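For ligands, and for the atoms within them, numbers begin at 1 and follow the listed sequence. None of these values were measured; they are calculated from a predicted model.
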Amino acid sequence: MMNSLDVLGWDEQFQREYDAAREALGDDDRLVPARVSADFGMQLEVVGPAGRRRAHLVGKFLGDEDARPAVGDWVILRPLEDGGAMVVELLPRRSRVARQAAMERTKRQIIGANLDVVFVVSSLNQEFNPRRIERFLTAVREGGATPVVVLNKADLVDEPQDFVDEVRESAPEVDVVVTSAAEETGISQLRDFLEQGMTFAFVGSSGVGKSSLINQLSGDEVMAVGDVRDVDNKGRHTTTHRQLLLLPGGALVVDTPGMREFQVWSGDEGLDEVFEDIEELAWECRFRDCKHLKEPGCAVRAAVEAGELAPDRLAQYHKLTRELEQLEQRKREAARRSDERQIQRIGREMQELKKRYLED
Ligand code: GDP
Ligand code: ZN
């Protein structure tokens with residue numbers, strides 16, 4: 001019988017890191033390891049030998065987004081008398097998928113941690129774009145995970161192999177799997193990657209079939225590691241979205257709202273291109289997080305004063321930044337309320353906002 005930590009992806013390396021961290025915490029024998037299975041803002045849901053429970057973050061995790069435990073992270077818990085628990089330590093991450101908040105170069109939000117393989121899903125229709133696939137591959141590799149390309153909706157084209165060849169041309173070393181979630185083909189090739197105790201995630205543009213593929217892989221047997229039934233503040237029962245799934249073969253899938261929304265904005269669809277001139281100048285600003293408003297040593301305002309950058313341009317940049325910040329704020333509030341649908345709606349609004357600026 002395997003112990004329940006192994007089922008959650010625990011291994012010798014995590015054990016060593018845990019032992020070292022626990023020693024540093026004074027070898028308190030009440031401390032236990034657990035894996036983060038859902039993120040509700042100030043509270044996390046964690047799973048471990050003692051089952052599933054809510055845990056609070058101590059202050060040291062709240063300042064820096066990068067240091068904040070995310071779904072997939074291993075943490076050390078200090079159980080409390082009242083049955084709750086506190087997260088007192090974060091074990092080193094082996095890999096991560098991170099989102100750079102728009103316009104905020106210093107703020108990196110981790111949306112999934114300790115992923116072994118990340119499937120980069122694209123669909124074989126108009127959405128297919130080798131350059132976008134490459135950007136996803138780069139983002140996954142930078143985060144320390146291994147990417148695998150999944151070309152879904154193979155039923156929509158006559159020669160899927162042509163698309164495989166095209167991907168291989170720009171990324172010869174990456175595995176490519178062709179699937180059709182609709183016709184249930186290629187699913188077993190996908191399943192071949194899903195080893196017991198390994199952790200996966202699916203990224204790719206909205207509508208490419210990530211949810212359909214996850215459904216195919218889970219069948220009816222899906223066990224939601226992080227499935228919680230609870231009662232919201234109006235007394236209604238709500239089923240919280242599952243953020244860490246245990247598939248029938250024993251593989252784990254991180255499926256957080258952040259992961260679903262994860263986009264690679266650059267090149268032909270990105271923000272840095274819309275405001276490439278400003279982003280370029282911003283490297284010379286004195287402060288890394290300069291907003292180009294009243295900060296001293298701002299290279300962007302200096303360029304406006306020198307007549308090298310149109311004032312309208314900077315005004316447009318400020319307008320978009322403001323609107324995105326307001327959306328971010330609403331999203332944080334929705335996250336505190338665990339309002340999944342609101343979070344998704346705001347995500348769509350953000351994408352629409354960015355598109356609008358692209359079209360201007
Ligand atoms: P997600 O946004 O990436 O999670 O995409 P979904 O799984 O929600 O799928 C988006 C749409 O594409 C849905 O209408 C699916 O039924 C459809 N779809 C998913 N996989 C396939 C496929 O292999 N072939 C076809 N023709 N449609 C698919
Ligand atoms: Zn500046």
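Comment: Glu89 engages Lys60 in a salt bridge, judged by a side-chain N to carboxylate O separation of less than 4.0 angstrom. Using a cut-off of 4.0 Å between Lys/Arg side-chain N and Asp/Glu carboxylate O, Arg96 and Asp66 are scored as not salt-bridged. With respect to the salt-bridge test (charged N to carboxylate O, under 4.0 angstrom), the residues Glu295 and Lys291 do not qualify. With salt bridges taken as basic N to acidic carboxylate O contacts below 4.0 Å, none links Asp73 and Arg35.
Regarding atom 5 (O) of ligand 1, its nearest protein heavy-atom neighbour is Gly209 N, 3.0 Å. Atom 20 (N) of ligand 1 has as its closest protein heavy atom Asn152 ND2, 3.1 Å. Among protein heavy atoms, the minimum distance from atom 7 (O) of ligand 1 is reached at Ser212 OG, 2.6 Å. With hydrogens left out, the protein atom closest to atom 4 (O) of ligand 1 is Ser211 OG, 2.6 Å, a heavy atom. Here the heavy atom of the protein found nearest to atom 10 (C) of ligand 1 is Gly207 O, 3.5 Å. For atom 23 (O) of ligand 1, the nearest protein heavy atom (residue, atom name, distance) is Ala181 N, 2.8 Å.
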Inset, instruction - Report the C-alpha separation of Trp74 and Val36 in whole Å, then their side-chain angles, then the decisive distance to 0.1 Å, and conclude whether the side-chain contact (heavy atoms from CB on, under 4.5 Å) test is met. - result: CA-CA 6 Å; Trp74 283 100; Val36 179; over 6 Å; no
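Close approach to Ser206 involves these atoms of ligand 1, each under 4.0 Å from a residue heavy atom: 2 (O). Counting the atoms of ligand 1 from 1 in the order shown, those under 4.0 Å from a heavy atom of Ser180 are 23 (O). Close contacts of ligand 1 with Ala182, meaning ligand atoms under 4.0 Å from a residue heavy atom, involve 21 (C), 22 (C), 23 (O), 24 (N), 25 (C).
Between Cys298 atom SG and Cys290 atom SG, the angle centred on the Zn ion (ligand 2) amounts to 110° (nearest 10°).
Annotation for Gln196 and Gly249: closest pair CB-O, 3.6 Å, computed over non-hydrogen atoms.
Checked against a 3.5 angstrom limit, the closest N/O atoms of Ala154 and ligand 1 fall outside it. Below 3.5 Å of separation, one finds an N or O of Lys153 facing an N or O of ligand 1.
With a heavy-atom cut-off of 4.0 Å, Leu156 touches ligand 1 through its side chain alone. At a heavy-atom cutoff of 4.0 Å, ligand 1 is contacted by the side chain of Asp155 but not by its backbone.
Between Phe128 and Phe163, the two ring planes are perpendicular [angle over 60°; tilted spans 30° to 60°].
Annotation: cation-pi geometry satisfied between Arg94 and Phe14 (NZ/CZ under 6.0 angstrom from ring centroid, within 45° of ring axis).
When the Zn ion (ligand 2) is compared with the N/O/S atoms of His292, atom ND1 turns out nearest.
Judged by distance alone, the side chains of Asp19 and Gln15 do bring a donor and an acceptor atom under 3.5 Å apart.
A continuous path of hydrophobic side-chain contacts links Met86 to Val75 [ILVMFWY only; heavy atoms under 4.5 Å].
When distances from atom 14 (O) of ligand 1 to the protein are checked, no heavy atom turns up under 4.0 Å.
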